[in-house]
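So the structure is just underneath, and the comments pick up after that.
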Amino acid sequence: MEPKLTVVPCPQCKKDVVWSPESQYRPFCSKQCQMIDFGEWADEENTIPGAPDMSDSDGWSEDPY
């Protein structure tokens with residue numbers, strides 16, 4: 001009995017990608033889709049929700065009150 005292949009959609013183009021060592025760019029189908037995704041993260045078009053930044057504009061300071 002052959003093992004069942006895991007297939008995932010490419011996050012960019014939604015093309016099916018076999019999840020295996022032979023799929024060099026997994027979960028992406030190609031280097032092109034991988035680089036498009038990387039560019040979106042670099043341009044901050046993609047973000048992971050989390051705590052807001054603690055910048056000076058927030059009124060936060062290390063100085064004691």
Taking only residues two or more places apart in sequence, or in another chain, which ones meet Tyr25 in a side chain to side chain contact (heavy atoms under 4.5 Å, CB included)? Phe28, Lys31, Gln34

Check whether more than 12 heavy atoms from other residues, nucleotides or ligands sit under 6.0 Å from atom CD of Glu45, and answer yes or no. yes

Note: Ile48 and Trp41 closest approach over all heavy atoms is CG1-CH2, 3.7 Å

Residues in side chain to side chain contact (heavy atoms under 4.5 Å, CB included) with Ser23, at least two apart? Val17, Val18, Ser20, Arg26

CD1 of Ile36 to SG of Cys10, rounded to nearest 0.5 Å, is 8.5 Å

Distance in Å, Cys29 SG paired with Gln12 CD, rounded so as to fall on 0.5 Å steps: 9.0 Å

Taking every non-hydrogen atom, the tightest pair across Pro11 and Pro27: CD-O, 3.3 Å

Hey, is CD on Glu40 packed in by over 12 heavy atoms from elsewhere, all under 6.0 Å? yes

